[in-house]
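Following: one structure in structure tokens, then a few remarks.
Computation of the quantities below employed the complete heavy-atom set of this structure, encompassing side-chain atoms and omitting hydrogens, waters and symmetry-equivalent molecules. Along the sequence shown, the residues carry numbers beginning at 1.
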Amino acid sequence: MSADTDPTEAIPQVTAEMIAKAAVQPAASPTAEPTPAPIPVAGAERNKDRPVSEQPGAPDAVLRDQPDGSAFAPAEPYGERHASAGHIAAGHLSSLVQIPTVSSWDPQGLDHEAFARHRAALAAFYPRVHALQSEPAGDHGLLYRWPGRGRQDVLHPFPVVLVAHQDVAPVQVAAWPDDPFSGEIRNGAVHGRGTLDDKGGLVAVLDAVETLLGDGFVPERDVWLFFGADEETAGGSAEIAVRRLYELGVRPWLVLDEGGGVVTDAFPGVDRQAAMVGVAEKGLLGVNLCTTGVGGHATTPGGRSATARLARAVTRVSRSRSAARINPPTVEMLERIAPSAAGGKGLGLRLATRLASGPFRKLAAWMLANGGPEASALVRTTVAVTELEGSAGANSAASSARARLDVRVALGETVDRTVARLRRDVRDKRVELEVVERSEPSEVSPTDSQQFALIGEAIGASYPDAVVVPCVLPAATDARTFTPITDHVYRFSPFALSRAQRQSIHGVGEHLSVDSLGRGVHFYREVLRKIPG
């Protein structure tokens, strides 16, 4: 394909027609679509209504010796055929971005019709996947089972679970230079809300599974696909999916969700690509700061209005910084990436690496904490003020005011200790702290495991020059919900992401290159091809 070729021209006509139809048509009625086979439940009711407790670990897989000496199936290098598949995937992504599946904390504000259209588009684009055994997970979440080698009616007790989500973050339309839901393909990239978070990942998984099904491929063990619909809010559909797997008596051998990407500008002095695989994620804490005042006409304001009191509290919280602490995954991340650091710019990174595992680890943490927002988020709890509410009128003094704090709790900290520190920072008994969302930092998944090695092998096939490093994900994902039923939860988005792209997530100008999408499809194909028995 020449460089001058429009990516949309690579899409077969039948697919283009399906894209156009799915983007504008409402969901088909249940009788109009083929009914997927139900998931078998024989012997699964024994766990019904029991709490999802910590499960015993899944056993190691049986690794077969390969001709090249590898423990996994030989890699298929990324080539022109995979790039062409990426152009087809870009057409799918373009269409899905045009369907605004915006998440909402208010159930009344959720556009159920948009999610129905989105579900219909998935069924049109991926008929083989849609024919798999499946069931809903909540209102719009989707759970599929792809049976591995063995009996179709017997569940593999230790399957692989691939996770992505359909919902996208809300948009400030006025801040976007173009339509945030255009899905336009230009300059070699798909543009619009959700391309990176997380419809790009959703498409990469689905195109990989659909094409492997078309090839007649059967995985060594069961593969489950979970596509949440409320990851940006409560993540309730993920909890339903985990409950369902628990009821079915399965213990995932591997869970792989969105997470770190392939970056080239995250470490000073490192010019090669780094594939950031999340082995843990920070805790999530949502807090409302609330205060009240006299209110009334703005011409006669009181001495300490509700908004003034709240502003002082917000200022105090924003100026405060939690202690920086280096954690084991970050130490290993530094040890893996430091050999690639060169020159004067890499000197600080190499120095921090030497200090990180010794008696001067506090100094290493301090160096990272002062290395910019991304580095700082690795070693400390962060607080962002995301919402402010005051008076309903421009000439009315507020009788109440509220600020929302989005807090990401560092590994080694707890939610309760973080709330206590916020109270000390506010230093005002008339400002109420209301905890509206909370989850502790996750457990750390091992890097000396077959599962981490499998992910590394698949990364090598798609990004052969990348060094694979573990990291702590600062964001919260649906992956954290799976930790009670598996010890091997990893978070990786198989896309090359610039700093600007990373900052566009939940921001402005979100886009994903067609080349990265093609490599992402190839990554998931390699994961599925290499799953050991």
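Between the side chain of Ser237 and the backbone N or O of Ala229 there is at least one donor-acceptor pair closer than 3.5 Å. Here the side chain of Arg350 pairs no donor or acceptor atom with the backbone of Pro339 at under 3.5 angstrom. Listed for the Arg491 side chain is no donor-acceptor partner under 3.5 Å among the backbone atoms of Glu258. Side-chain atoms of Ser445 come within 3.5 Å of backbone N or O of Val489 as a donor-acceptor pair. With hydrogens and angles ignored, the 3.5 Å screen pairs a side-chain donor or acceptor of Gln450 with a backbone N or O of Ala61. Distance alone, capped at 3.5 Å, places no donor-acceptor pair between the Lys362 side chain and the Ile326 backbone. Panel note: side chain Arg309, backbone Val431; no donor-acceptor pair is recorded below 3.5 Å. Side-chain atoms of Glu281 never come within 3.5 Å of backbone atoms of Ala476 as a donor-acceptor pair (strictly under, hydrogens ignored). Of the possible polar contacts, one joining the Asp230 side chain to the Gly236 backbone as a donor-acceptor pair under 3.5 Å is found. Between the Ser504 side chain and the Gly507 main chain, no donor and acceptor come within less than 3.5 Å of each other.
For the pair Glu510 and Gln501, the minimum side-chain heavy-atom distance is 4.5 Å or more. Here the side chains of Thr353 and Glu335 are in contact, with some heavy-atom distance below 4.5 Å. For the pair Leu162 and Leu528, the minimum side-chain heavy-atom distance is below 4.5 Å. The shortest side-chain heavy-atom distance between Asp167 and Glu231 falls under the 4.5 Å cut-off. At a threshold of 4.5 Å between non-hydrogen side-chain atoms, the residues Arg272 and Asp465 do not count as touching. When side chains are defined from C-beta on, Arg438 counts as touching Val435, because their heavy atoms get closer than 4.5 Å. The side-chain heavy atoms of Arg404 and Val436, taken from C-beta on, include a pair separated by under 4.5 Å. Side-chain contact between Val407 and Thr382 is absent, with no heavy atoms from C-beta onward closer than 4.5 Å.
No more than 12 heavy atoms of other residues, nucleotides or ligands shown are found within 6.0 angstrom of CG on Asp271. Enclosure of atom CD in Gln172 is not indicated, since only 12 or fewer non-hydrogen atoms of other residues, nucleotides or ligands lie within 6.0 angstrom. Residue Phe360 qualifies as open at atom CZ: its count of foreign heavy atoms under 6.0 Å is 12 or below.
For Phe492 and Phe523, the gap between ring centers is short of 6.0 Å.
Between Arg421 and Asp416 there is no salt bridge, since none of the side-chain N atoms of the basic residue sits less than 4.0 Å from a carboxylate O of the acidic one. Looking at Arg321 and Asp425, no side-chain N of the basic residue comes within less than 4.0 Å of a carboxylate O on the acidic one, giving no salt bridge. A salt bridge between Arg325 and Glu413 is present, with a side-chain N of the basic residue lying under 4.0 Å from a carboxylate O of the acidic one.
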- [ ] Starting from the C-alpha separation in whole Å, work towards a yes-or-no answer on side chain to side chain contact (heavy atoms under 4.5 Å, CB included) for Val469 and Met276.
- [x] CA-CA 5 Å; Val469 298; Met276 311 292 290; 3.3 Å; yes

TODO: Output, in order, the C-alpha distance, side-chain angles, deciding distance and verdict of side-chain hydrogen bond (donor to acceptor under 3.5 Å, both in side chains) for Asp478 and Thr481.
DONE: CA-CA 6 Å; Asp478 279 336; Thr481 312; 4.9 Å; no

Task: side-chain hydrogen bond (donor to acceptor under 3.5 Å, both in side chains) between Arg251 and Thr486, worked out - done: CA-CA 6 Å; Arg251 163 80 168 170; Thr486 179; 5.0 Å; no

TODO: Output, in order, the C-alpha distance, side-chain angles, deciding distance and verdict of salt bridge (Lys or Arg N to Asp or Glu O under 4.0 Å) for Arg408 and Asp406.
DONE: CA-CA 7 Å; Arg408 305 300 167 127; Asp406 186 287; 2.6 Å; yes

Task: Chi angles and distances behind the side chain to side chain contact (heavy atoms under 4.5 Å, CB included) call for Leu284, Glu437 - done: CA-CA 7 Å; Leu284 175 61; Glu437 184 182 13; 3.1 Å; yes

Open item on the list: Before you tell me yes or no, could you show the steps for Glu374 and Arg499 under salt bridge (Lys or Arg N to Asp or Glu O under 4.0 Å), namely the whole-Å CA-CA distance, both residues' side-chain angles and the distance that decides it to 0.1 Å?
Closed with: CA-CA 10 Å; Glu374 289 182 315; Arg499 187 182 300 274; 3.1 Å; yes

TODO: Could you give me the CA-CA distance, side-chain angles and deciding distance for Tyr524 and Leu212, then say whether side chain to side chain contact (heavy atoms under 4.5 Å, CB included) is met?
DONE: CA-CA 10 Å; Tyr524 282 112; Leu212 285 172; over 6 Å; no

Open item on the list: Before you tell me yes or no, could you show the steps for Trp176 and Val171 under side chain to side chain contact (heavy atoms under 4.5 Å, CB included), namely the whole-Å CA-CA distance, both residues' side-chain angles and the distance that decides it to 0.1 Å?
Closed with: CA-CA 9 Å; Trp176 283 66; Val171 177; 3.5 Å; yes

Open item on the list: Applying side-chain hydrogen bond (donor to acceptor under 3.5 Å, both in side chains) to His92 and Asp207, what does each step give before you reach the verdict?
Closed with: CA-CA 9 Å; His92 296 157; Asp207 273 66; 3.1 Å; yes

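For Pro446, the side chain to side chain contact (heavy atoms under 4.5 Å, CB included) partners at least two apart in sequence or on another chain are Asp448, Ser449, His488, Tyr490. Pro470 meets the side chain to side chain contact (heavy atoms under 4.5 Å, CB included) test with Val279, Glu332, Arg336, Thr447, Phe452; sequence neighbours excluded. Remark: Asp179 pairs with Phe181, Ser182 by the side chain to side chain contact (heavy atoms under 4.5 Å, CB included) rule, at least two apart or across chains. Judged as a ring-ring contact (aromatic ring centres under 6.0 Å, His included), and not counting sequence neighbours, the contacts of His511 are His191. Qualifying salt bridge (charged side-chain N to carboxylate O under 4.0 Å, His left out) partners for Arg480, counting only residues two or more places apart in sequence or in other chains: none.
Test Ser103, Ser104, Pro100 against Pro170 for side-chain contact (heavy atoms from CB on, under 4.5 Å) and you get one pass: Ser103. Partner Thr101 forms a side-chain hydrogen bond (donor to acceptor under 3.5 Å, both in side chains) with one of Gln166, Lys199, Glu232, Arg193 and no other, that one being Lys199. Screening Phe495, Tyr463, Tyr78 for a ring-ring contact (aromatic ring centres under 6.0 Å, His included) involving His522 leaves a single residue, Tyr78. Checking each of Val223, Ile531, Val161, Ile455 against Leu254 for a side-chain contact (heavy atoms from CB on, under 4.5 Å) leaves exactly one that passes, namely Ile455. Put simply, the residue from Glu220, Glu76, Glu457 that forms a salt bridge (Lys or Arg N to Asp or Glu O under 4.0 Å) with Lys530 is Glu457.
To the nearest 0.5 Å, atom CD1 of residue Ile505 and atom OG of residue Ser493 are 7.5 Å apart.
Taking each heavy atom of Leu422 and Leu285 in turn, the nearest pair found is CD1-CD2, 4.3 Å. Between Ser516 and Ala496 the shortest heavy-atom distance is OG-N, 3.2 Å.
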Atom pairs and distances, donor-acceptor, side-chain atoms in residues 364-372, under 3.5 Å, two or more places apart:
unit_1	atom_1	unit_2	atom_2	d
Asn370	ND2	Trp366	O	2.7

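Side-chain contact of Asp197 with His506: a donor-acceptor pair under 3.5 Å is present, judged by distance alone.
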